Amino acid sequence: MSLASPISTIEYPESDGKPMGETDLHRAWMHRVYELLRRRHADQRVYVGCNLLVYYAEGSPFEFCVPDVFLTLDCDPGPRRVFKIWEEQRAPDVVFEITSRSTRREDEVFKPQSYAKIGVKEYFLYDPTADYLKPPLKGFRLAGDHREPILPDAQGELACQVLGLRLRLDARELVLTDAATGQPLLTDAEAAEAQAEAADARAEAAEAEVRRLRDELAKLRRPDQE
């Protein structure tokens with residue numbers, strides 16, 4: 001009698017038992033990058049995951065990685081408890097890691113090995129404190145069976161070719177912009193605030209125009225009143 005468990009009965013845990021982010025700052029940035037990508041790819045066949053266990057070897061629940069944020073193209077965007085590459089028939093295309101003192105070695109050494117193994121095309125590291133990663137924003141691209149650094153352009157920006165994005169730092173804060181339009185990515189809350197500010201600006205401009213027309217009309221009436 002075989003003691004081996006059928007693959008279909010093997011359990012794949014939903015947590016690795018580690019905290020999601022070392023500090024409030026790291027957790028906030030993890031969620032922010034997730035929200036930026038989620039909003040940009042809303043209504044598309046794209047899955048955006050955050051701190052989700054990615055299993056890459058069927059039958060082996062010990063072979064997994066946990067990207068802070070990852071994006072998979074041509075993939076059902078519905079919610080998941082874990083991400084199994086053999087079921088999805090897709091590996092994550094791009095990964096973003098918010099690195100910290102406790103995760104720096106894992107993010108720079110061990111995770112990239114797993115990502116190269118499963119075929120992650122591009123991988124970005126960001127240190128919001130600028131204390132542990134030099135420079136605090138790095139990118140790597142899969143080339144064959146190894147990774148190559150993504151070099152910054154003349155403006156100091158990194159290109160995410162897979163997603164058509166540009167990444168840069170503004171006063172140590174990570175900014176993601178659409179490479180085609182040059183517009184920065186926004187969260188839902190930021191987009192709503194920008195729309196409200198634009199509406200206020202339009203209303204003020206309209207009020208100013210009304211005042212101008214009234215003044216012009218008043219000037220035209222004065223000769224008749226004399």
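In this text, all values refer to a predicted model and were calculated from it rather than measured experimentally.
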Single-linkage hydrophobic cluster, 4.5 Å side-chain cutoff, V69 and L36 together: yes
Within-4.5 Å side-chain heavy-atom neighbours: V120 and V94: no
Spacing of I10 atom CD1 and S60 atom OG [to the nearest 0.5 Å]: 8.0 Å
Side-chain heavy-atom pair I85, Y55 within 4.5 angstrom cut-off: no
Ring pair (Phe, Tyr, Trp, His ring centres under 6.0 Å) between F140 and Y115, intermediate numbers included: CA-CA 11 Å; F140 300 92; Y115 297 153; over 10 Å; no
Ring geometry between Y12 and W86 (parallel below 30°, tilted from 30 to 60°, perpendicular above 60°): tilted
Proximity of Y34 and F96 rings by center, below 6.0 Å: no
Nearest-0.5 Å distance, CZ of residue R40 to CG of residue L185: 5.5 Å
Main-chain N/O of Q183 paired to D178 side chain as donor or acceptor, under 3.5 Å: no
Set of side-chain hydrogen bond (donor to acceptor under 3.5 Å, both in side chains) partners for S15, sequence neighbours left out: none
Side-chain heavy atoms of N51 within contact of M30, under 4.5 Å: yes
Check: T103 main-chain N/O paired with E106 side-chain donor or acceptor under 3.5 Å: no
Cluster check I118, L125: I/L/V/M/F/W/Y, side chain < 4.5 angstrom: yes
Pairs under 3.5 angstrom only: tabulate donor-acceptor contacts from the side chains of residues 75-83 to other protein residues two or more places apart or in another chain.
residue	atom	partner	partner atom	Å
D76	OD1	G78	N	3.0
R80	NE	E88	OE2	2.6
R80	NH1	D76	O	2.8
R80	NH1	G78	O	2.6
R80	NH2	D76	O	2.8
R80	NH2	E88	OE1	3.0
R81	NE	E14	OE1	3.4
R81	NE	E14	OE2	2.6
R81	NH2	E14	OE1	3.2
R81	NH2	E14	OE2	3.4

Let me check something: any side-chain donor-acceptor pairs from residues 159-173 under 3.5 Å, sequence neighbours excluded? List them with distances.
residue	atom	partner	partner atom	Å
R166	NE	E157	OE1	3.4
R166	NH2	D153	OD2	2.1
R172	NH1	T129	O	3.1

P61 vs E11 side-chain heavy atoms within contact, under 4.5 Å: no
Pairwise side-chain contact, V54 with V66, heavy-atom cut-off 4.5 Å (strictly under): no
Shortest non-hydrogen contact between L73 and R90, atoms and distance: O-NE, 3.2 Å
From CA spacing to verdict: salt bridge (Lys or Arg N to Asp or Glu O under 4.0 Å), R32, E35: CA-CA 5 Å; R32 174 171 168 72; E35 288 297 331; over 6 Å; no
All side chain to side chain contact (heavy atoms under 4.5 Å, CB included) counterparts of R212, not counting sequence neighbours: E209, E216
Main-chain N/O of E97 paired with D68 side-chain donor or acceptor, under 3.5 Å: no
Minimum side-chain heavy-atom gap L37-L176 below 4.5 Å: yes
Beyond-backbone contact of Y123 with D107, side-chain heavy atoms, under 4.5 angstrom: yes
Flag side-chain contact, heavy atom, 4.5 Å: L137 against L158: yes
Residues in side-chain hydrogen bond (donor to acceptor under 3.5 Å, both in side chains) contact with Q44, at least two apart in sequence or another chain: H41
Partner residues of Y56 under the ring pair (Phe, Tyr, Trp, His ring centres under 6.0 Å) criterion, sequence neighbours left out: none
